[in-house]
Structure formats: structure tokens, C-alpha cells
Amino acid sequence: MSTAPLLIQEISQLQEQLSRCRLAKQTIALVPTMGALHQGHLSLVEAANNQADISVVSIFVNPSQFGPTEDLAQYPRNLSHDLKLLASVHTNIVFAPTVEEMYPAGSPTSREPGKSARRWEGLQRPEHFAGVAAAVYRLFELTKPNIAFFGQKDYQQTCVIREMVETLALDIDLGICPIIREADGLAMSSRNLYLSPAQRQQATALYRGLQAAFHAVQQGEVDANILIQLARQQLEDAGIDRIDYVAVVDGVSLEPLHQINANTFMLLAAYAGDTRLIDNLALQPSPL
């Protein structure tokens with residue numbers, strides 16, 4: 001039988017509750033989210049429950065990571081539904097603050113991200129990672145977790161957060177969990193709710209593009225430009241004509257590569273209709 005998580009909306013109550021946990025020598029795992037939860041988020045909570053005594057899921061639609069023309073107002077919000085899902089995976093605490101609670105007057109709502117934010121999403125969405133870094137740092141301050149979990153779907157974001165943790169010498173472990181996909185390969189995302197049935201079908205081309213590159217690598221292809229063209233062709237064949245980037249990058253620095261190495265990722269961002277989607281996949285060279 002599932003038990004409803006403790007819903008907390010005030011920082012003082014959150015810190016009081018977590019202080020009790022620490023006094024009881026309980027370890028704390030944080031799962032930051034913006035709500036509109038799906039199985040991908042729940043997999044993070046399951047990982048948190050496996051590695052810590054107390055799971056804390058934050059639900060906060062962070063205004064500072066949305067650009068002026070982006071979908072802040074339309075972003076899906078359904079707290080009651082999210083709470084039911086979180087109960088099903090035995091979440092202990094849900095922290096769902098208002099913007100005013102999260103950022104009292106005078107609080108910084110942006111934080112300069114590191115080098116890993118410079119390219120790809122950082123170029124396409126200039127305010128995004130500064131807002132992400134501010135929100136995640138604030139959540140780290142408030143919860144002081146032993147470990148925090150993030151999904152690989154936002155791969156560049158995980159790199160930005162890891163760089164912040166390392167630069168500031170924060171005593172927090174990071175857990176990066178695999179992408180959870182629909183049966184047809186589409187990466188689970190809250191923004192998938194925006195897609196019409198035709199756009200939903202079109203969006204599967206993102207994964208087909210990644211797979212085309214992956215299979216070419218397994219057959220011995222190492223030229224990044226060829227792999228990029230294979231992926232772009234899948235997008236174009238599906239009628240996707242708004243492509244922000246298809247990139248083959250080093251998995252740590254996120255710098256573009258001419259040839260794949262032992263830690264290579266393909267990153268892509270494209271539109272199905274008006275909905276911007278991102279995805280990624282590790283491209284490991286085939287063993288000799």
C-alpha cells in the first residue's frame with residue numbers, strides 16, 4: 001500500500017524535518033524536478049530510495065531558466081497527480097515551494113555556470129543554465145543532501161551541475177540515471193504532453209537518428225561528420241526542418257569531436273511542431 005509523501009511548501013518546515021533526519025543518522029537523497037512527472041522521474045526516486053534513507057523530491061517550475069519567448073506560462077503543472085505518482089514509489093518528502101519562498105526578495109536567481117554550459121543548449125538558450133545552476137544550488141543549500149539524482153536525458157545539464165559541485169567542492173554525490181524511453185524510443189519528457197498525435201510520431205525520428213549513428217559506430221565508423229549526417233537525415237526524412245544542433249562531443253568537456261573517442265556522446269535538439277525536444281546517446285567505438 002502506498003503512503004502519501006509529506007508535502008512541504010515552507011523552507012522552515014523542510015529544514016526542521018531534515019534536521020530530525022540527520023539527528024537520526026539518516027542519509028538524504030534529493031531529486032530536483034519541475035513536476036509534470038513521468039516514469040523517468042520515478043526512476044530517479046527509485047534510485048534515491050535504493051541509496052539513501054530519505055528521498056526528497058522538489059517540484060519547482062523555475063522561472064529563471066526559461067527564456068522570454070519560452071513556455072513558462074504553459075509548462076504543465078498538476079501537483080495532485082504528481083503526488084499520487086510519488087506515493088506509488090514511496091517518496092518520503094515533497095518540497096513544492098512558491099517562487100517567493102524559493103527566492104526571497106534580493107536572492108540571486110541566476111548563477112554563472114562553468115565551461116560546460118558554453119555550447120549547445122548554452123548557445124540556444126542563453127539564460128537557461130544560469131537559472132538551472134541557481135535553482136539547483138539553492139536546493140542543495142536547503143536540503144544538504146548526501147546524494148542528488150538527475151536524468152541523463154538532460155546530459156549537458158548533468159555536466160553543468162557536476163562542474164558546479166566540483167568547482168565549489170560541495171560534499172554531494174551525484175547519481176546520473178539512464179534515459180527512460182517509450183516503446184518506440186521517444187525519450188520521456190514533460191514537454192511530450194504538448195505533441196499532437198502526428199507530432200508525437202514525428203518526434204520518434206530523434207531516437208532513430210541517434211540509433212543510425214550508433215549502429216554506424218558499431219560497424220566501425222569514427223568520422224563525426226558522417227555520423228552527424230546520418231542522424232540529420234533521419235530528422236529530415238521525418239519532416240523535421242527546425243534543427244538547433246546535432247553534435248558529436250566529448251562526454252566530459254562537451255567540445256565537438258572530429259572522430260569519436262572512448263567517451264563520446266551525440267547530442268541533438270530539434271522541433272516537432274512548436275515543441276523543442278532534446279535527446280542524446282553514448283557512441284562507444286566497437287572493440288577491435
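For the pairing with Y103, the side chain to side chain donor-acceptor pair (under 3.5 Å) check across N62, T109, T98 returns one residue only, N62. The only option from R125, R232, R276 that meets the salt bridge (Lys or Arg N to Asp or Glu O under 4.0 Å) definition with D244 turns out to be R276.
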- [ ] Before giving the answer on side chain to side chain donor-acceptor pair (under 3.5 Å), spell out for D184 and Y207 the whole-Å C-alpha distance, their side-chain angles and the decisive distance to 0.1 Å.
- [x] CA-CA 9 Å; D184 57 9; Y207 188 57; over 6 Å; no
Task: Verdict with reasoning, T27 to N146, per side chain to side chain donor-acceptor pair (under 3.5 Å) - done: CA-CA 6 Å; T27 53; N146 301 93; 4.9 Å; no
Task: Trace of the salt bridge (Lys or Arg N to Asp or Glu O under 4.0 Å) decision for D237 with R208 - done: CA-CA 11 Å; D237 288 349; R208 289 200 302 276; over 6 Å; no
Task: Criterion side chain to side chain donor-acceptor pair (under 3.5 Å) on N261 and D250, from CA distance to verdict - done: CA-CA 7 Å; N261 62 30; D250 179 84; 3.1 Å; yes
TODO: For salt bridge (Lys or Arg N to Asp or Glu O under 4.0 Å), just list the numbers for E163 and K115, CA-CA rounded to whole Å, side-chain angles, deciding distance to a tenth of an Å, and then say yes or no.
DONE: CA-CA 8 Å; E163 185 177 2; K115 293 179 181 178; over 6 Å; no
- [ ] Could you please spell out the steps behind the salt bridge (Lys or Arg N to Asp or Glu O under 4.0 Å) verdict for R181 and D279?
- [x] CA-CA 10 Å; R181 298 184 180 277; D279 205 342; 2.8 Å; yes
Open item on the list: If you apply the rule side chain to side chain contact (heavy atoms under 4.5 Å, CB included), what do you find for F214 with M266, and how did you get there?
Closed with: CA-CA 9 Å; F214 176 83; M266 176 171 275; over 6 Å; no
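In this structure, the separation between CD on Q284 and CG on N263 is 6.5 Å, given to the nearest 0.5 Å. Remark: S55 OG to L86 CG distance equals 8.5 Å, nearest 0.5 Å. Summarising the geometry, atom CG belonging to L277 is positioned 8.0 Å from atom CD1 belonging to I240; distances are rounded to the nearest 0.5 Å. The distance from atom CZ of R242 to atom OG1 of T275, rounded to the nearest 0.5 Å, is 9.5 Å. In this structure, the separation between CG on L186 and CZ on R200 is 4.5 Å, given to the nearest 0.5 Å. Rounding to the nearest 0.5 angstrom, the gap separating the NE2 atom in H41 from the CG atom in L44 is 7.0 Å.
Annotation: side chain of L85 is in contact with side chain of H81 (closest heavy-atom distance under 4.5 Å).
Residues V132 and I176 are members of one and the same hydrophobic cluster, defined by side-chain heavy-atom contacts under 4.5 angstrom among Ile, Leu, Val, Met, Phe, Trp and Tyr.
For E121 and Y245, the side-chain atoms include at least one donor-acceptor pair closer than 3.5 Å. Between the side chains of D241 and Y271, no donor-acceptor pair of N or O atoms lies under 3.5 Å. Side-chain contact annotation: Q152 with N280, donor-acceptor N/O pair under 3.5 Å present.
E221 contributes a side-chain N or O that, together with a main-chain N or O of D223, makes up a donor-acceptor pair within less than 3.5 Å. A side-chain donor-acceptor contact under 3.5 Å links E70 to the backbone of G67. Side-chain N or O atoms of W120 include none that pairs as donor or acceptor with a backbone N or O of V246 at under 3.5 Å.
Between D82 and R77, no side-chain nitrogen of the basic residue sits less than 4.0 Å from a carboxylate oxygen of the acidic one, so the salt-bridge criterion is not met.
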